S.K.: 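Starting off with a structure, shown below.
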Amino acid sequence: QVRLVESGGGLVHPGGSLTLSCKDSGTMFEENAMAWYRQMPGNERDMVAFIGHRGMTNYGDSVKGRFTISRDNAKNTVYLQMASLKEEDTAVYYCHIAGTGHWGQGTQVTVTA
């Protein structure tokens, strides 16, 4: 059974917005730091955004000021709001419980004119 399930990916034009969601079916979600990673074809998986269990956030340089990570502990869900999207943001986006082997299955985001 997959513990992390992402949703919200899709096709969007440059300059557009998308919000990704990741629901954790496990327990103690509020105790875990969470992160979003992305992987472009032929590249390694890179961290996009991180949120600690108390809400501290950190972002990759390429998305600072455009992406926002947040969490709703009551819903066991972490979000990634993406704005001012660029073609180079095209990737598969993965949800991750920081410091563990738990990854979601990934959701495709394609930014194209």
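Only a predicted model underlies this, so the values are computations on that prediction, with no experimental measurement involved. Residue numbers run from 1 in the order of the sequence given.
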S.K.: Tell me if a side-chain donor or acceptor on N43 pairs with a main-chain N or O of M40 at a distance below 3.5 Å.
M.R.: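 The answer is no, because no donor-acceptor pair under 3.5 Å joins these two groups.
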
S.K.: Does the side chain of E30 come within less than 4.5 Å of N32's, by heavy atoms?
M.R.: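 Counting from C-beta outward, N32 and E30 never come under 4.5 Å.
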
S.K.: How long is the straight-line distance from CD1 of I97 back to CE of M28, given to the nearest 0.5 Å?
M.R.: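 One finds 12.0 Å between CE of M28 and CD1 of I97.
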
S.K.: Shortest non-hydrogen contact from P14 to A113?
M.R.: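 What the structure gives for the nearest pair is CD-N, 3.7 Å.
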
S.K.: Tabulate below the donor-acceptor pairs under 3.5 Å that side-chain atoms of residues 49-64 make, not counting sequence neighbours, or state none.
M.R.:
residue, atom, partner, partner atom, Å
Y59, OH, I69, N, 2.9
D61, OD1, K64, NZ, 3.2
S62, OG, R38, NH2, 3.1

S.K.: Is the backbone N or O of G9 less than 3.5 Å from a side-chain atom of T107, with the two atoms forming a donor-acceptor pair by type?
M.R.: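 Yes; at least one donor-acceptor contact below 3.5 Å.
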
S.K.: Ignoring hydrogens and geometry, is there a side-chain-to-backbone donor-acceptor pair from K23 to K75 under 3.5 Å?
M.R.: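 Yes, K23 side chain to K75 backbone: donor-acceptor pair under 3.5 Å.
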
S.K.: State plainly whether one hydrophobic cluster holds both V48 and M82, where clusters connect Ile, Leu, Val, Met, Phe, Trp and Tyr through side-chain heavy atoms under 4.5 angstrom apart.
M.R.: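 Yes, because V48 and M82 connect within a single hydrophobic cluster, where side-chain heavy atoms sit under 4.5 Å apart.
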
S.K.: Any chance CD of E44 has more than 12 other-residue heavy atoms, nucleotides or ligands included, within less than 6.0 Å?
M.R.: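 No - once you tally the heavy atoms of other residues, nucleotides and ligands closer than 6.0 Å, there are 12 at most.
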
S.K.: Do F67 and Y79 share a hydrophobic cluster (ILVMFWY, side-chain heavy atoms under 4.5 Å, transitive)?
M.R.: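 As far as the 4.5 Å side-chain criterion goes, Y79 and F67 are not connected within one cluster.
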
S.K.: Please report the shortest heavy-atom distance between R66 and S84, naming the atom on each side.
M.R.: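 Here R66 and S84 meet closest at NH1-O, 2.9 Å.
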
S.K.: Applying disulfide (SG to SG under 2.5 Å), which residue pairs with at least one partner in residues 37-104 are found, sequence neighbours left out?
M.R.: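 Qualifying pairs, neighbours excluded: C22-C95.
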
S.K.: Can you tell me which residue pairs pass the salt bridge (Lys or Arg N to Asp or Glu O under 4.0 Å) test with a partner in residues 1-20, sequence neighbours excluded?
M.R.: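 For residues 1-20: R3-D24.
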
S.K.: Should V5 and Q105 count as side-chain neighbours, where that means a heavy-atom distance under 4.5 Å?
M.R.: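 Sidechains of Q105 and V5: in contact.
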
S.K.: Under a 4.5 Å cut-off applied to non-hydrogen side-chain atoms, are M34 and L4 in contact?
M.R.: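 Yes, close enough: below the 4.5 Å cut-off.
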
S.K.: Of the non-hydrogen atoms in Q81 and S70, which two are nearest, and what is the gap between them?
M.R.: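 Nearest pair, atom of Q81 first, then S70: OE1-OG, 4.5 Å.
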
S.K.: Output all residues satisfying side chain to side chain contact (heavy atoms under 4.5 Å, CB included) with V92, sequence neighbours left out; order by chain, then residue number.
M.R.: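 Testing V92 for side chain to side chain contact (heavy atoms under 4.5 Å, CB included), a comparison that skips the adjacent residues, returns Y94, Q108.
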
S.K.: Using a 4.5 Å cut-off on heavy atoms from C-beta on, say whether the side chain of T90 contacts that of V109.
M.R.: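 They are not in side-chain contact.
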
S.K.: Give me each pair satisfying ring-ring contact (aromatic ring centres under 6.0 Å, His included) with a member in residues 14-41, each pair once, sequence neighbours excluded.
M.R.: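 Sorted result for residues 14-41: Y37-H96, Y37-W103.
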
S.K.: Under the side chain to side chain contact (heavy atoms under 4.5 Å, CB included) test, which residues partner T112, sequence neighbours left out?
M.R.: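 By the side chain to side chain contact (heavy atoms under 4.5 Å, CB included) rule, T112 matches L11, T110.
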
S.K.: Looking at CZ of R71 and CG of N76, how far apart are the two atoms once the value is rounded to the nearest 0.5 Å?
M.R.: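 Answer for the CZ-CG pair, R71 versus N76, is 9.0 Å.
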
